[in-house]
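Okay, so here's the structure we're looking at.
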Amino acid sequence: MTARSGRHSDYALSDDLPEIHPHSNTQYCPLIYELIPAHGCAFECEYCNVYNLKAESCFYPITVFRKYPDLVETTIKDHQAKGLNPVYYFSPKTDVFQPALLETGVTRKILEVLARTKARYILVTKGKLPGPDILDLLVRSGGAGRVLVSYGMKNQAHADVLEPFAATLEERFDLAATCTRNGIPAMGVIEPILPLRDLSFVEQIIKKFVGIGIDHFAVDFARISLACLDKLIAKLPELTELNDIYRSPEAISQNFGTGPYKREAVERFAPSAAYLNRTFNQIEAYARKQNATISICNYFPVPGINLRAYERGFLCFGIYDKERAGGYAAESRNAVCAACGGTKE
């Protein structure tokens, strides 16, 4: 193992090859595999479900698996030989546009594999566009890839504190705009939304992205441990109001496995069912006003939450699968019908 050092980009190189695992949270998830070419993340988000739910954070050291692109290619070819056509999630537990993965060329090499094999993938990032070589590879994916730009903070002041080393919100918006100009499928990821009393900023995010041609969004609220909540409030005291949400007896407790590969059980909390129902309808109204749609994880106890997204071919995290979504749309319409007493108004 060798090491490289630099401010907020310390990392070690490893020849280890961790397994590529499936990623599925509910029965509605399509076949998804996680591509995680590094342990650790230089962006150090304070609410991170992988590295910051415990009282002590564990972002460093960053370890980059330099042979990971070879593993990705072998895995994709194996899946294709078996007739599988999964979606590859790049990456749920680190950011592929962080310095360590760019400097080593690992992100570029994985994108080369994805483009060459025409594999379906989603690239989720809080980073900015690294350069023309990455842009070219995204274009070469020919629509099989979709770039999900994470943009969930209320403003840049919040982002500076809670996403301290990620790209600025404007840099991320520029990435989204560059994708749409170049015909690269893209969407906004408005998450994690902190469940504040005033959510009008969400409407402004939707309006901003619709202005560049992005009209579908993945949305979710922060699901955090109480230790993580305490850290958020210590960093940004105005977030004290979140105690009313996460320390409420009605908050939804979830036994969550945290960590990149070795999973450790941590109790985290989601806002109450009543809050989720109310705010889902509020954000859905924001989206309708802009002729946009939203996808939300199916842990939300709201009948028909993703119906409009399904009707457009989008699954819960914004993955496009028209055939599967069509089946879910019929199921969702039946759920709405049952919830309203059998009428279809």
Side-chain angles (χ1 to χ4, degrees), residues 4 6-11 13 20 32-45 62-73 75-76 86-151 159 163 165-189 209 212-214 216 218 317-320:
R4 176 73 178 272
R7 188 170 185 266
H8 308 309
S9 60
D10 295 354
Y11 62 89
L13 295 173
I20 292 179
I32 304 172
Y33 281 87
E34 301 177 343
L35 302 185
I36 310 172
H39 282 180
C41 182
F43 290 172
E44 296 192 37
C45 298
I62 296 173
T63 300
V64 175
F65 305 111
R66 55 182 156 196
K67 295 182 179 179
Y68 201 85
D70 297 331
L71 176 63
V72 172
E73 184 158 22
T75 301
I76 290 174
V87 174
Y88 298 94
Y89 187 170
F90 187 41
S91 169
K93 297 181 177 71
T94 192
D95 199 293
V96 300
F97 286 169
Q98 66 175 304
L101 288 168
L102 295 173
E103 291 176 13
T104 58
V106 168
T107 289
R108 175 181 53 78
K109 291 173 185 176
I110 292 174
L111 285 173
E112 287 173 349
V113 170
L114 292 168
R116 184 167 60 252
T117 59
K118 299 300 181 185
R120 295 191 301 160
Y121 69 90
I122 53 174
L123 187 157
V124 186
T125 185
K126 294 183 180 73
K128 61 183 178 180
L129 182 67
D133 57 334
I134 298 295
L135 176 62
D136 178 64
L137 287 167
L138 295 174
V139 171
R140 282 169 49 192
S141 291
R146 185 173 296 271
V147 177
L148 279 59
V149 179
S150 182
Y151 192 112
E163 301 170 342
F165 306 118
T168 66
L169 297 179
E170 203 57 35
E171 286 172 331
R172 295 180 230 176
F173 180 72
D174 288 344
L175 167 61
T178 299
C179 287
T180 58
R181 285 197 305 269
N182 287 274
I184 301 164
M187 55 180 277
V189 180
F209 276 73
I212 58 170
I214 291 177
H216 186 73
F317 193 56
I319 293 170
Y320 190 78

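None of the values given here were measured: they were computed from a predicted structure.
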Do any N or O atoms from the side chain of [X] and from the backbone of [Y] form a donor-acceptor pair under 3.5 angstrom?
X    : Y    : answer
T168 : E171 : yes
T180 : G213 : no
T94  : H39  : no

Using only heavy-atom distances, determine whether the side chains of Y11 and Q98 contain a donor-acceptor pair under 3.5 Å. no

Side chain to side chain contact (heavy atoms under 4.5 Å, CB included) between H216 and R146, intermediate numbers included: CA-CA 12 Å; H216 186 73; R146 185 173 296 271; over 6 Å; no

Full working for side-chain hydrogen bond (donor to acceptor under 3.5 Å, both in side chains) between Y88 and T75: CA-CA 11 Å; Y88 298 94; T75 301; over 6 Å; no

Can you measure from [atom1] ([X]) to [atom2] ([Y]) and round to the nearest 0.5 angstrom?
X    : Y    : atom1 : atom2 : value
K93  : E34  : NZ    : CD    : 3.0 Å
F209 : R172 : CZ    : CZ    : 9.0 Å
R108 : E103 : CZ    : CD    : 13.0 Å

Worked verdict on L129 versus D174 for side chain to side chain contact (heavy atoms under 4.5 Å, CB included): CA-CA 8 Å; L129 182 67; D174 288 344; over 6 Å; no

Which heavy atom of [X] sits nearest to which heavy atom of [Y], and what is that distance?
X    : Y    : value
L111 : L138 : CD2-CD2, 4.2 Å
P99  : A42  : CD-CB, 4.3 Å
I214 : G188 : CG2-N, 3.7 Å
L169 : Y151 : O-CE1, 3.1 Å
C179 : A186 : CB-CB, 3.8 Å
F65  : I36  : CD1-O, 4.1 Å

In sequence, state the C-alpha distance, the side-chain angles, and the governing distance for F173 and I212, and then conclude on side chain to side chain contact (heavy atoms under 4.5 Å, CB included). CA-CA 9 Å; F173 180 72; I212 58 170; 3.5 Å; yes

So, do [X] and [Y] sit near enough that their side-chain heavy atoms are less than 4.5 Å apart?
X    : Y    : answer
K128 : L175 : no
V72  : Y68  : yes
I62  : D10  : no
P37  : V64  : no
I76  : L114 : yes
I110 : V96  : no
P92  : V124 : no
T104 : R66  : no

Evaluation steps, side chain to side chain contact (heavy atoms under 4.5 Å, CB included), between T107 and F97: CA-CA 7 Å; T107 289; F97 286 169; 4.1 Å; yes

Who are the salt bridge (charged side-chain N to carboxylate O under 4.0 Å, His left out) partners of E73, not counting sequence neighbours? K77, R116

